Amino acid sequence: MTPCFVRVALDHPLPVLYDYRYPPDAPQPQPGMLVRVPFGRREAVGLICEVSAHSDVPANKLRDVSAVCAECPPLSAQWLALAGFAADYYQRGLGEVALPALPQALRDPARWPRLMAPEERYRLLPAGREALPEALPARAQALRRLAQALVDAGELDLADARALHPKAAATLESWREAGWVEYECVAFGAAGHSSAGNGGENENPADGARNPGSATEGAVAAAALHQLSAEQAVAVEAILEARGFAPFLLHGVTGSGKTEVYLRALSGLLEREPDAQALVLVPEINLTPQFEAAFRTRFAGVLPDDAIVTLHSGLAEGERAHHWLAAHTGRARIVLGTRLAVLASLPRLAMLVVDEEHDPAYKQQEGLRYSARDLAIWRAKQLGVPVVLGSATPSLESWWQAEQGRYTRLTLSRRAIAEAVLPSVKLIDLEEERRRGRASFEGLSGPLVAAMKARLERGEQSLVFLNRRGYAPVLSCDACGWVAGCPRCSAYVVLHKPERALRCHHCGWESRIPHSCPDCGNVDIAPMGRGTQRIEEALASAVPGARVLRIDADSTRRKGSAQALFSDVHAGDVDILVGTQMIAKGHDFQRVSLVGVLNADNALFSHDFRASERLFAQLMQVSGRAGRAGLPGEVIVQTRYPRHAIYHALARHDYVGFANSQIVERRDAHLPPFVYQALLRAEGRTLEAALAFLAEAAQALTAIPAAERVTAYDAVPLTIVKVMNVHRAQLLVESQSRAALQATLRAWQPALRALRGVLRWNLEVDPLDI
Ligand code: ADP
Ligand code: ZN
Ligand code: ZN
């Protein structure tokens with residue numbers, strides 16, 4: 001028997017593979033298999049990348065693979081190539097990319113034997129919601145934790161429950177007998193192991209949907225569908241006619257029916273290739289229920305229920321593993337997810353959709369700092385399939401690609417519903433209001449209040465948008481100038497009135513609201529500025545009788561609560577919705593006819609060159625919530641700068657004019673998309689330490705030949721320089737050549753790893769916030 005060795009990627013910062021002996025009695029080794037191996041003094045889970053008959057590691061240093069995951073079909077070569085590309089491009093180790101991309105169950109050898117076992121779930125019943133956790137003895141803390149998890153999520157996967165409590169199975173059974181929960185078992189067919197290359201029989205329940213009958217059913221469903229607008233029809237046809245790698249930029253104004261284009265393109269694809277898989281990305285978890293419902297309705301009778309799955313961080317671990325495996329085994333045809341879903345294993349992926357492609361949420365801000373949109377494009381290219389990027393306000397990067405003809409532009413220039421027109425935009429000059437001594441209510445101008453009252457009388461809804469949560473961003477003392485700051489960060493703390501707390505939005509530090517100034521004893525300390533909580537309060541008195549609902553990160557902290565709040569809006573139980581960007585995106589509110597924008601001016605004078613692009617996109621998005629279903633829509637923007645170009649472009653709904661002027665500015669100023677950038681960030685105990693590290697790092701660049709084509713700027717402190725007592729600074733490098741920048745970063749890493757003196761550092765490629 002010839003000895004056999006495997007080279008394994010581990011979740012470890014060094015970009016190397018580790019050699020192990022492979023046990024002769026284990027299943028045939030293949031790249032893409034998961035294994036458990038000894039690493040240092042512990043055991044780790046790794047991914048086989050290569051199989052070989054030789055190893056250069058001396059025999060006495062080689063160790064054995066200790067377990068092999070035979071339950072999960074190996075990850076495909078294509079998936080490994082994706083992980084490899086992401087690792088390379090974002091300057092990480094392969095294992096650092098590949099392993100965190102897998103659901104927890106795959107990284108936990110204890111759960112391997114049951115990976116493909118049926119999913120067993122307990123769902124909370126109303127009687128249980130009444131009883132738990134109060135019915136449990138106060139001392140039974142582990143049990144109470146189990147109950148709390150069940151109450152919070154409404155349901156619990158048995159595997160997750162076991163992780164919380166060793167006797168979870170027996171306990172949940174007794175709760176079932178008490179009528180508190182119900183039990184559900186979803187068989188997980190291990191069918192369609194296409195990635196294992198065995199082409200095994202398909203016992204998949206999806207088969208029913210693959211017979212020719214499904215086309216007829218689909219046709220019946222289609223009869224009840226909207227008649228596509230001419231522009232929608234052109235877009236769908238172009239996507240379906242594409243062969244090979246075909247990037248599309250679907251530029252459609254808000255409410256133009258981009259979703260309908262995705263749905264038609266996907267159903268066309270599934271009609272043509274019944275086994276195909278598609279990936280649909282949305283920027284925010286809160287948008288998945290709306291999309292999921294639309295997809296389930298459309299594909300009812302065409303695809304079995306379990307062929308549509310979601311993937312996002314809000315899923316319970318067990319559920320996430322099942323959905324991931326459904327994608328990996330080919331059983332799931334449509335995977336709907338947030339940015340992390342771009343790294344899902346999809347062996348028959350044939351189309352990708354990135355909705356709201358401009359959204360900064362597609363950029364992961366920690367760990368592997370990837371752009372899900374960019375990786376989606378890479379996957380489409382790798383597989384030679386279409387990718388549709390949809391937006392009312394495309395990113396300038398994508399817009400520029402389309403301008404150069406690299407992406408095919410598809411335009412939806414008007415709203416899909418015939419009576420629905422884009423809202424009229426009115427600018428309220430706050431300076432003038434003040435000069436003329438006109439009444440205002442706590443930051444709400446007279447005209448905005450009057451417009452909201454009119455909506456209330458007509459039974460229509462209003463939406464008030466301001467991008468600042470909490471009650472007031474600053475609490476200060478008039479007498480001595482004291483301002484409440486965070487003891488750990490160089491930032492003010494935000495006043496949260498319902499929670500009666502001062503809270504740091506950077507590190508989470510909290511304290512009670514002081515009764516008097518800690519410096520001078522003055523009792524007249526006052527909140528300055530306004531957040532969503534304060535506007536919520538003001539609305540109650542400014543528009544008497546209105547039912548006001550606030551949606552922001554604070555009001556939706558509990559799992560599932562955002563969903564419930566949005567349902568209230570859709571059900572018409574709300575007259576005025578106030579919130580942050582959470583309410584601005586994607587939602588198809590039928591009865592909103594007025595949108596008020598407060599405090600947008602803050603973003604006009606940012607030092608970040610992307611601030612105006614972001615602001616414009618946000619304003620277009622939030623304005624797009626008005627008048628979607630035929631009610632005439634109105635947008636009222638309160639501003640001190642009514643003559644600013646951004647507001648003028650907004651009033652004309654003129655994305656194209658705005659984008660083209662920005663493109664000229666960016667070109668003149670040598671900014672992206674005309675240069676490629678990377679940021680080196682350092683965190684030190686002092687600012688000096690962080691800056692010194694970056695200075696040495698810059699020095700190290702001089703020894704790198706490729707860096708001749710790279711410009712390094714001076715290291716600077718971050719705007720919020722101190723967070724959690726850690727001081728932060730950054731160094732920007734850029735080049736007109738992506739290749740030169742990539743080569744430089746690669747050569748730079750070993751030098752950076754050799755430097756000392758800081759707590760942490762990281763490299764971010766294509767940063768969005770500078
Ligand atoms: P977008 O994503 O472009 O903002 P949506 O996809 O949410 O727009 O569509 C807006 C509304 O128009 C939805 O209520 C949708 O059902 C409706 N709609 C889409 N296409 C058509 C069509 N061809 N005819 C009539 N209504 C349509
Ligand atoms: Zn803080
Ligand atoms: Zn004071």
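Quantities reported herein were computed from a predicted structural model and do not represent experimental measurements. These numbers come from the heavy atoms of this one structure, side chains and all, not from hydrogens, waters or symmetry mates. Indexing begins at 1, ligand by ligand and atom by atom, following the structure's order.
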For ligand 1, which atoms sit closer than 4.0 Å to a heavy atom of [X]?
X      : result
Ser256 : 1 (P), 3 (O), 8 (O)
Thr254 : 4 (O)
Ser229 : 23 (N)
Gly255 : 1 (P), 3 (O), 4 (O), 8 (O), 10 (C)
Gln227 : 22 (C), 23 (N), 24 (N)
Leu228 : 23 (N)
Gly257 : 1 (P), 3 (O), 5 (P), 6 (O), 8 (O), 9 (O), 19 (C)

> Taking it one step at a time, do His251 and Thr411 satisfy side chain to side chain donor-acceptor pair (under 3.5 Å)?
Replying inline: CA-CA 5 Å; His251 176 219; Thr411 306; 5.0 Å; no
>> Could you walk me through whether Gln533 and Glu499 satisfy the side chain to side chain donor-acceptor pair (under 3.5 Å) test, starting with their C-alpha distance in whole Å, then the side-chain angles of each, then the deciding distance to 0.1 Å, before giving a yes or no?
In response: CA-CA 11 Å; Gln533 293 173 350; Glu499 301 92 333; 3.2 Å; yes
>> Treating Arg685 as the side-chain partner and Leu759 as the backbone partner, does any N or O pair qualify as donor plus acceptor under 3.5 Å?
In response: no
> Between the side chain of Gln277 and the main-chain N/O of Ala332, is any donor-acceptor distance below 3.5 Å?
Replying inline: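 Confirmed, Gln277 side chain pairs with Ala332 backbone.
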How close does the nearest protein non-hydrogen atom get to [atom], and which residue and atom is it?
atom                    : value
atom 2 (O) of ligand 1  : Thr259 OG1, 3.5 Å
atom 20 (N) of ligand 1 : Gln232 NE2, 3.0 Å
atom 14 (O) of ligand 1 : Asp588 OD2, 2.9 Å
atom 18 (N) of ligand 1 : Ala416 CB, 3.5 Å

> Closest heavy-atom contact between Leu679 and Gln730?
Replying inline: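 Closest pair (atom of Leu679, atom of Gln730, distance): CD1-OE1, 3.5 Å.
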>> Ignoring hydrogens, what is the shortest heavy-atom contact between Ser398 and Leu249? Give both atom names and the distance.
In response: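 Result for this residue pair: O-CD2, 3.8 Å.
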> How open is the angle at the Zn ion (ligand 2) from atom SG of Cys504 over to atom SG of Cys507, rounded to 10 degrees?
Replying inline: 110°
> If the Zn ion (ligand 2) is the vertex, what is the angle to SG of Cys489 and SG of Cys486, rounded to 10 degrees?
Replying inline: 110°
> If we ignore angles and hydrogens, is there a donor and acceptor under 3.5 Å between the side chains of Thr532 and Asp552?
Replying inline: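 Present: a donor and an acceptor within the cut-off.
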> With distance as the sole criterion, is a donor-acceptor pair present between the side chains of Arg339 and Gln364 under 3.5 Å?
Replying inline: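 There is such a pair between these side chains.
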> Hey, does Gln290 have a side-chain heavy atom less than 4.5 Å from the side chain of His587?
Replying inline: yes
> Do the side chains of Val388 and Val354 get nearer than 4.5 Å, heavy atoms only?
Replying inline: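 They are not in contact (no side-chain heavy atoms under 4.5 Å apart), so the answer is no.
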>> Any heavy atom of Gly252 closer to ligand 1 than 4.0 angstrom?
In response: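 Checking ligand 1 against Gly252, which is what was asked, there is no heavy-atom contact under 4.0 Å.
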> Which protein N, O or S atoms lie under 2.8 Å from the Zn ion (ligand 3)?
Replying inline: Cys477 SG, Cys480 SG, Cys517 SG, Cys520 SG
> Within 45° of the axis and under 6.0 Å from the centre of the six-membered ring of Trp399, does NZ or CZ of Arg409 qualify?
Replying inline: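 Flagged: Arg409 positioned over aromatic ring of Trp399.
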>> Evaluate Gln581 against Gln621 for side chain to side chain donor-acceptor pair (under 3.5 Å), listing each step before the verdict.
In response: CA-CA 9 Å; Gln581 40 88 26; Gln621 279 292 324; over 6 Å; no
> With respect to Ser395, which candidate in Glu613, Arg614, Arg373 satisfies the side-chain hydrogen bond (donor to acceptor under 3.5 Å, both in side chains) definition?
Replying inline: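 Result: among Glu613, Arg614, Arg373, Arg373 is the only option passing the side-chain hydrogen bond (donor to acceptor under 3.5 Å, both in side chains) with Ser395.
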> Should one rank Glu356, Arg628, His226, His587 by closest heavy-atom distance to atom 15 (C) of ligand 1, which comes out on top?
Replying inline: His226
